[in-house]
Every structure is written in structure tokens, then in C-alpha cells.
Engineer: 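Have a look at the structure that comes next, please.
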Amino acid sequence: MPRLIAISNRVQTETEGETANRGGLAVALAAGLRASNGIWFGWSGEQTEEFTGQITFRRANGVATATIDLEAQDIEEYYNGFANRTLWPLFHYRLDLTEIARDFAGGYARVNHRFAETVGPLIEPDDLVWVHDYHLLPLGQQLRERGFRNRIGFFLHIPWPPPSLLISLPDHRELVESLLDYDVVGFQSEEWRQAFMDYVTAHLDADIDGEIVSFGNRRTRMLVCPIGLDTADFCSAAHSMAAKQSQTQLMVSAVGRDMIVGVDRLDYSKGLQERFIAYQQFLTNHPELCEKVSLLQIAPPSRGDVPSYQQIRAELNALSGSINGEFATIDWVPIRYVNHGYSREKLFGIYRAARVGLVTPLRDGMNLVAKEYVAAQDPADPGVLVLSRFAGAAAQLEGAVIVNPHSSEDMADGIARALAMPLAERQERHKAMFDCIVKQDVHWWSKTFMEALEKAGPKPAARLLP
Ligand code: G6P
């Protein structure tokens with residue numbers, strides 16, 4: 001088995017013995033890293049006075065990590081800048097929030113170069129290299145230019161935008177060409193792969209044969225491979241005391257009311273304002289249900305140094321306050337809005353206590369909350385998932401009530417339909433979705449991608465820097 005070198009912007013380091021709060025990527029990579037004695041490389045999340053390229057090695061629960069610190073200018077221009085003020089909004093179809101600045105592009109190129117320089121010496125000839133997400137699109141090219149002929153794959157966790165949006169990026173062509181230095185590029189859904197192929201067809205002199213794009217002497221396989229949950233492990237959280245306690249606590253606090261739950265990172269792509277407005281519309285349309293339902297929205301803040309995130313936070317505070325002011329009674333608050341995260345066990349209990357899971361992003365690569373909500377339900381009496389058609393998960397979770405997050409009326413109808421759904425229909429829909437998340441879980445995802453990468457070849461000729 002070849003050794004795996006996984007590379008991503010963030011690396012989730014663990015403390016020996018503690019695995020409870022691991023995110024999707026950590027779970028997905030852990031088995032392959034452990035079995036192959038591999039390394040997970042990335043940014044420590046820490047700032048240093050001056051970039052030195054010094055690597056900190058750690059090992060916990062059999063997973064070896066190697067991290068570097070970045071200097072303030074790198075964090076500002078690469079992470080806050082090009083990654084989160086240019087690419088993130090653009091790839092989520094928010095041209096209005098996309099900021100184009102040469103400093104950002106320069107910082108992005110510099111940090112990708114720094115990643116290549118520091119991870120390079122760790123890579124041995126037979127290693128499989130797997131790069132993750134929009135922070136590191138050109139890293140494969142950077143490695144090829146240093147002579148690495150390894151099999152190198154890339155997985156995009158977020159959407160790929162249509163060519164008409166992508167061309168707003170001054171160096172769009174260079175960015176896309178850099179992706180063709182990978183052997184395999186993975187997308188969350190067919191829609192994102194098709195958008196990529198549309199760009200290649202319109203703007204590059206490349207050949208497309210099924211999943212394969214040939215460009216010069218390079219061949220890249222474009223794979224659709226939706227990420228999943230560690231479903232079995234997630235479901236085992238059901239038996240923990242923390243899960244049972246949080247379920248009971250919520251049911252007691254809901255005092256016979258139906259609970260609707262939303263759990264999202266505080267991000268404009270998640271459609272939280274639209275969701276609150278739709279809930280307001282639902283309360284207006286159904287006065288008979290006021291005081292009989294309650295929305296719990298959990299939204300831990302993220303990327304707080306980016307202005308659009310500061311703005312959405314302020315707007316949501318105001319909106320939840322005004323809806324509560326309009327509809328609340330002395331013993332009922334329509335929206336409980338919480339700005340911090342919960343452990344996996346607690347979340348499990350929260351999902352299970354909720355009649356409706358409301359997952360309504362305006363655009364999302366996948367959305368694992370939708371899958372977690374389904375996994376947590378009691379199959380004998382499951383709640384209903386209300387899901388945006390613009391989440392990658394909608395291509396897999398056909399048993400959800402699919403809604404258009406841009407229409408508050410459609411979402412209000414979806415909530416009402418979910419709350420009124422008869423048991424037999426709930427069970428049938430849940431079973432279809434549960435079967436899918438069991439079959440296409442996170443282990444299936446990493447195995448599918450790694451097998452495609454192992455099969456890749458022949459390796460492109462080295463293109464050394466002049
Ligand atoms: C999304 C991205 C990830 C990112 C995560 C959290 O899921 O696809 O790459 O790590 O958001 O964002 P943050 O900026 O806190 O890393």
C-alpha cells in the first residue's frame with residue numbers, strides 16, 4: 001500500500017485518546033493515514049513573526065501531522081484574502097461579494113509556493129499525494145514544477161462555478177490549467193463537474209473523452225465522488241449519555257412543541273437570513289401553529305476577520321430579534337438563536353429531538369449537516385429533512401422535502417408540509433436517505449478517490465522550473 005500524504009489548509013490535530021470532535025476530513029483521512037503510515041500536512045492555524053518553513057510534527061491516535069505557521073501578511077492575503085474574499089464567494093455564486101485584488105492573488109501564489117517548498121522534502125517517490133480544497137488549487141502544479149512525478153490528486157469540497165462567473169477572475173485560465181497538473185480531480189456532484197467541463201470546452205484547447213481531460217501531455221480524470229459521514233460511528237453516538245441528555249433536555253424545554261432545527265457555520269452561503277424570513281412567513285401563513293413550533297438555529301461564527309462575515313452576523317442578530325419581537329408571547333420564543341457549537345453527541349440529541357431539520361443553503365458543495373440529521377433519526381418515528389435544491393446533498397437525498405431557498409413562500413410551504421407529514425411517508429423517505437448515507441459513507445468516499453488515484457497513470461513527464 002503506497003503511503004498517503006494528505007495536504008489541506010487546516011489540519012485537525014488531536015490529543016492522544018480524544019477523538020470526539022473530529023470533523024469530516026479528519027475522519028475520512030485517518031484510516032488511510034494510519035494504515036499507510038502517512039502524513040497530514042497543512043497550516044497550524046498559528047501566526048508567526050516571520051515565515052521560516054519550520055515544521056512541527058505530531059502523532060496522536062496513530063495519525064502523524066506536520067504543520068507550519070504562517071506570517072500575518074500570508075494569513076491576510078491568502079486565507080482571509082484570496083481564499084475567503086475572492087474564491088469562496090465566487091465559487092458560491094456570490095459575485096456581489098467577490099473582491100478582486102492583486103495582493104490577494106499574490107499572497108495565494110506565495111503561500112501555495114511555501115506549501116510546496118516545505119512539504120516537498122517529506123514526499124517520497126511512491127507516495128500518493130492528496131490535496132484538499134480551494135485554498136490549494138495550484139499546489140499540484142507547484143509540486144510538478146519541482147519535479148514530483150507522484151500520483152497527485154485534488155478534491156474540491158465546495159461548488160465549482162459556471163464559466164460565466166469564473167471568468168470574472170483575472171487569472172481564471174491559469175487557475176484552471178493548474179488543476180490539469182493533477183491526475184485526479186474530485187467534485188462533490190455532477191453539477192460542479194459539468195461546470196468545470198463547460199469551462200474547459202469553452203476556454204481551453206483540451207480534449208474531453210468521458211471523464212478524462214487531456215491537455216498537452218497531461219491527462220486528468222474528473223471524478224464525481226460525494227463526501228459522506230462516518231455513518232456507523234455517528235450513529236453509535238446515539239448510545240452516549242450526552243446524546244440522551246441533550247435530547248431529553250430539548251424535549252423538556254420544547255414543552256410539547258414541535259422543534260425545527262438548523263445547524264450551520266455562520267456563513268452567507270448557508271442562507272440563514274432567507275431561512276429566518278421564510279420561518280416568519282410560515283408563522284404568518286399559519287397563525288394556528290404559532291406557539292406550537294419553535295426554531296432552534298445553531299450558528300457558530302467563523303472567519304470573523306472577513307467583513308462580509310461581520311456584516312451577516314450583525315444582520316442575523318437584528319433579524320432574529322425583530323422576528324422574536326413581532327411574534328413572541330410571554331411564554332414562547334419563536335427563534336432560539338445560538339452562536340456556539342456543540343459536541344457530536346449533543347448535536348445527535350438535538351437532531352433527534354427535532355421534528356424538522358432545516359438545511360437551506362443558497363449554494364453548498366455538499367452539506368454534511370443534512371446527512372447528520374438523517375443519521376440521527378429514529379427509523380420508527382423519524383423527523384423530516386427540508387433541503388435546499390442548491391446543496392450538493394440534494395443529488396443524493398431524494399427523500400428530503402426539496403425547497404428553493406430564494407422563495408420564502410416555497411420554504412414556508414415546505415416547513416408546513418414536513419410538520420404535517422404522516423408517519424408512513426416519513427418512514428419511507430427516511431429509509432431511502434438512510435440507505436444512501438450508509439452505502440456512500442466517508443470510507444466509501446476516500447476508498448473511491450484513492451482507488452482512482454492509484455489507477456492513474458502514466459505519470460506526466462517532470463516539468464522542472466527553469
Ligand atoms: C468549508 C471548507 C473547508 C473549511 C471549512 C471551515 O467546509 O470547504 O475547507 O475548512 O469550511 O472553514 P475555515 O475557514 O474555518 O477553515
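Counting starts at 1 for both ligands and their atoms, following the listed order. Predicted, not measured: the structure shown is a model, and the values here were computed from it.
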Engineer: Could you find the nearest protein heavy atom to atom 14 (O) of ligand 1 and give me its residue, atom name and distance?
Structural biologist: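 Nearest neighbour among protein heavy atoms for atom 14 (O) of ligand 1, to 0.1 Å: Tyr79 OH, 2.6 Å.
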Engineer: For Arg59 versus Gly62, what's the shortest heavy-atom pair and its separation?
Structural biologist: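 Heavy atoms of Arg59 and Gly62 come nearest at NH1-O, 3.5 Å.
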Engineer: Protein heavy atoms near atom 7 (O) of ligand 1, is at least one of them under 4.0 angstrom away?
Structural biologist: no
Engineer: Do you see a donor-acceptor pair shorter than 3.5 Å between the side chains of Tyr78 and Asn9?
Structural biologist: yes
Engineer: Do the ring centers of His135 and Phe115 come within less than 6.0 Å of each other?
Structural biologist: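 When the ring centroids of His135 and Phe115 are compared, they turn out to be at least 6.0 Å apart.
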Engineer: Please could you name the atoms of ligand 1 that Ile158 approaches to less than 4.0 Å, counting only its heavy atoms?
Structural biologist: 8 (O)
Engineer: Give the atoms of ligand 1, by number and element, whose distance to some non-hydrogen atom of His135 is under 4.0 Å.
Structural biologist: 9 (O)
Engineer: Where is the nearest protein heavy atom to atom 10 (O) of ligand 1: which residue, which atom, and how far?
Structural biologist: Arg10 CD, 4.4 Å
Engineer: Considering Arg303, Gln188, His157 one by one, which has a heavy atom nearer to atom 5 (C) of ligand 1 than any of the others?
Structural biologist: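 Comparing heavy atoms across Arg303, Gln188, His157, the nearest one to atom 5 (C) of ligand 1 lies in Arg303.
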Engineer: Name the orientation class of the two ring planes belonging to Phe196 and Trp160 (parallel below 30°, tilted from 30 to 60°, perpendicular beyond 60°).
Structural biologist: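 Taking Trp160 first and then Phe196, their aromatic rings stand perpendicular (interplane angle over 60°).
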Engineer: Nearest protein heavy atom to atom 9 (O) of ligand 1, by residue and atom, and its distance?
Structural biologist: Asp133 OD2, 2.6 Å
Engineer: Could you tell me if any non-hydrogen atom of Arg265 lies under 4.0 Å from any atom of ligand 1?
Structural biologist: yes
Engineer: For the residue pair Tyr93 and Phe390, is the inter-centroid distance of their aromatic rings smaller than 6.0 Å?
Structural biologist: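 No; Phe390 has its ring centre 6.0 Å or more from that of Tyr93.
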Engineer: Assess the pair Phe91 and Tyr134: is the distance between their ring centroids shorter than 6.0 Å?
Structural biologist: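 Ring-ring flag for Phe91/Tyr134: false, centres at least 6.0 Å apart.
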